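What follows is a single structure, written as structure tokens, with notes after it.
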Amino acid sequence: MASNRHLGRIIVLQSLYEYEFRTKAGDPTAKIDVIVAKNIEPYAKALGDTEFVYGLARAVSERFEALDEELQPMAPEWPISTIAAIDRNVLRIGLHELEASADTVPPKVAINEAVELAKAFGADNSSKFINGVLGTAYRKIYNEESSPEEKKDEEKAQSLAPAGDERIEAPVGGETEA
């Protein structure tokens, strides 16, 4: 069975979000492998390559601080701590794949996957922000110059950055329970 890496990245994002939340809350039982195992279970057959998920989740969770330090200059108007947790973890995944997985994941695929995660799970402007920041990372890592049009897009993305916690949506139908 072929692996489904997009689904794998969704599970990694979900797991990193939970791991970061529980760690910040002081939960000593928060272990990335346990969280990933719980999140993989319903999708194991469809996923195929579970080692990809475990490996990516471990690698990113071990590098939270280093990745955040690298990301900060790429989004100088948005301190990493003020970026929504979902967006922060999408950026971490994307940057890690750009840096450490170029031999197995083409850089533009890593950026595209991060943008798709942001579209699915982030706020309205998250995908543009993620694309701008990771585009900057790509050019920095691979020593490429920005075109004037790309520079404009990056500046626009900086102004659109979502901050704070994720939005909370009402259930389908627009009704809320008391």
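Residue numbers start at 1 and run along the sequence shown. Keep in mind the model is a prediction, meaning the values are calculated, not measured. The basis for the numbers below is simple: all heavy atoms, side chains too, and nothing from hydrogens, waters or symmetry mates.
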To check you understand the geometry: which heavy-atom pair defines the closest contact between S15 and N39, and what is its length?
OG-ND2, 2.9 Å
Check for me, please, whether I93 and V105 land in the same ILVMFWY cluster - side-chain distances under 4.5 Å, paths through other members count.
no
CA sep, side-chain torsions, deciding dist, call: L47, F52, side-chain contact (heavy atoms from CB on, under 4.5 Å)
CA-CA 10 Å; L47 186 60; F52 168 76; over 6 Å; no
Would you check if F129 and W78 make a side-chain contact, meaning some heavy-atom pair closer than 4.5 Å?
yes
Mind listing the closest non-hydrogen atom pair of F121 and I86 along with its distance?
O-CG2, 3.7 Å
Are L134 and M74 close enough that some pair of their side-chain heavy atoms sits under 4.5 Å apart?
no
For P28 and G26, work out which heavy atoms get closest and say how close.
CD-O, 3.0 Å
Give me the atom names and distance for the closest heavy-atom approach of A100 to D103.
O-OD1, 4.0 Å
Run the numbers on K119 and V115 for side-chain contact (heavy atoms from CB on, under 4.5 Å), then give the verdict.
CA-CA 6 Å; K119 283 179 182 177; V115 168; 3.9 Å; yes
Neighbour count >12 (heavy atoms, 6.0 Å) for atom OH, Y138
yes
What are the two closest heavy atoms between E69 and P73, and how far apart are they?
O-CD, 3.1 Å
Min side-chain heavy-atom separation Y54-I40 under 4.5 Å:
yes
Which atom pair, heavy atoms only, marks the closest approach of G94 to A110?
O-CB, 4.5 Å
Between the CZ atom in R63 and the CD atom in E99, the distance rounded to the nearest 0.5 Å is 4.5 Å
Partner residues of E62 under the salt bridge (charged side-chain N to carboxylate O under 4.0 Å, His left out) criterion, sequence neighbours left out
none
Just by distance, no angles: are the side chains of S81 and R88 close enough, under 3.5 Å, to form a donor-acceptor pair?
no
Using modelled atom types and a 3.5 Å cut-off, is there a donor and acceptor pairing between side-chain atoms of Q72 and backbone atoms of A75?
yes
Could you tell me the separation between the CZ atom of R9 and the CG atom of L56, rounded to the nearest 0.5 Å?
7.0 Å
Let me confirm one number: the CD1-CG distance from I130 to L95, rounded to the nearest 0.5 Å.
11.0 Å
Does the side chain of L91 come within less than 4.5 Å of L67's, by heavy atoms?
no
So, using salt bridge (charged side-chain N to carboxylate O under 4.0 Å, His left out) as the criterion, who are the partners of K38 when residues are at least two apart?
E18
Please step through side-chain hydrogen bond (donor to acceptor under 3.5 Å, both in side chains) for the pair R92 and S61, ending with a clear verdict.
CA-CA 9 Å; R92 289 169 175 160; S61 66; over 6 Å; no
Can a donor-acceptor pair be found, under 3.5 Å and without considering hydrogens, that links the side chain of N89 to the backbone of A85?
yes
Residues E113, R5: salt bridge by 4.0 Å N-O rule:
no
Do V109 and E97 touch side chain to side chain, with heavy atoms closer than 4.5 Å?
no
Answer whether the closest heavy-atom distance between the side chains of I80 and I83 falls below 4.5 Å.
yes
Hey, does V12 have a side-chain heavy atom less than 4.5 Å from the side chain of V36?
no
Mind running side-chain contact (heavy atoms from CB on, under 4.5 Å) on I35 and L16 for me, showing each step along the way?
CA-CA 9 Å; I35 294 168; L16 291 173; over 6 Å; no
NZ of K128 to CG of N131: how many Å apart, nearest 0.5 Å?
10.5 Å
